[in-house]
Amino acid sequence: MSGPLRLGVNIDHVATVRNARGGDHPDPVRAAEIVASVGGDGITAHLREDRRHIRDADLQRIQAATDLPLNLELAATEEMLEIALRHRPHAACIVPEKREERTTEGGLDADGLHNQLQPIVTRLADAGIRVSLFIEAEERQLEAALRLGAPVVEFHTGEYAHAFLDGDADKLARELKRIADMAALAAKNGIEPHAGHGLTYENVQPIAAIPQIAELNIGHYLVGEAIFVGLEAAVRRMRELMDAAR
Ligand code: PXP
């Protein structure tokens, strides 16, 4: 039996386009309002250390503009912890962050970084923020999430998306099985599994069909599609595909 599947729309790249000209258009707040109006279930935004897309001032404006839960993606640093505690988003997803990377490449090493993560996870949880860890679908990382007491994990679907792009059917099947197996194990242990990264109209359905997965966070592809069909239509289409897969 599958439960409902939420769609969190990552609006970072609306801000990327805005920042390309340094003004205030297109405004990610307007994107958040459109997502709310077409039945998106949440807004996801990654405040990166270099502020290359979402900026500090956007967070408060996004929170004020819609009632949708905000899932704030952040690196495990003292600066980001303080920002999260100040803004109190519904959820905080801890992601690995390298300054030189183009996007979040690979999952968080929750196992190796346990001691660094524990106080951050605890302080976020104590503030009533739902903590999620963006990890690879691996047993070692899931066990670390359990030890850390994270209520949510988000599985990095980047390798799955790459296999899809490369037309590598064996790797695709392996990646899908790994995510499905770990989603089942997470749910069995009381952790809510989410997934995201690199999801598109073409590759979303096998992931959406994994019954334990409760939320997908999708950004780059939707913002790209929005250039051609508008954000409203892009979110609607993604929603339809996700629902059809359940
Ligand atoms: N989930 C997390 C934790 C992410 O870091 C990202 C990318 O910022 C996404 C989902 C969305 O990935 P994409 O933009 O490729 O859809």
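In listed order, ligands and their atoms are each counted from 1.
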Within a 6.0 Å radius of atom CZ on Arg30, are there more than 12 heavy atoms belonging to other residues, nucleotides or ligands? no
Enclosure of His114 NE2 (heavy-atom neighbours >12, cutoff 6.0 Å): yes
Heavy-atom distance to atom 1 (N) of ligand 1: which of Glu154, His53, His46 wins? Glu154
Just going by heavy-atom distances, which of His220, Glu73, His194 is nearest to atom 2 (C) of ligand 1? Glu73
Which atoms of ligand 1 have any heavy atom of [X] under 4.0 Å away?
X      : result
Asn217 : 10 (C), 11 (C)
Val95  : 3 (C)
Ile218 : 16 (O)

Does any N/O atom on Gly196 come nearer than 3.5 Å to any N/O atom on ligand 1? no
Looking only at distances, please establish whether an N/O atom of ligand 1 is found under 3.5 Å from an N/O atom of Gly219. yes
Out of curiosity, is Tyr221 lining ligand 1, as in a heavy atom under 4.0 Å away? no
Passing option when Met242 is tested against Ile207, Leu5, Ile213 for side-chain contact (heavy atoms from CB on, under 4.5 Å): Leu5
Side-chain donor-acceptor contacts of residues 64-77 below 3.5 Å, not counting sequence neighbours, with atom names and distances?
from  : atom 1 : to    : atom 2 : distance (Å)
Thr66 : OG1    : Leu68 : N      : 3.0
Asn71 : ND2    : Thr44 : OG1    : 3.2
Thr77 : OG1    : Met80 : N      : 3.1

What is the nearest protein non-hydrogen atom to atom 15 (O) of ligand 1, stated with its residue, atom name and distance? Gly198 N, 2.8 Å
shortest atom 7 (C) of ligand 1-to-protein heavy-atom contact is with His197 ND1, 3.7 Å
Does His156 form a ring pair (Phe, Tyr, Trp, His ring centres under 6.0 Å) with Phe134? I'd like the steps, not just the answer. CA-CA 6 Å; His156 195 305; Phe134 190 41; 4.6 Å; yes
Donor-acceptor under 3.5 Å (Asn19 side chain, Arg52 main chain): yes
What's the spacing between His197 NE2 and Glu159 CD if we round to 0.5 Å? 10.0 Å
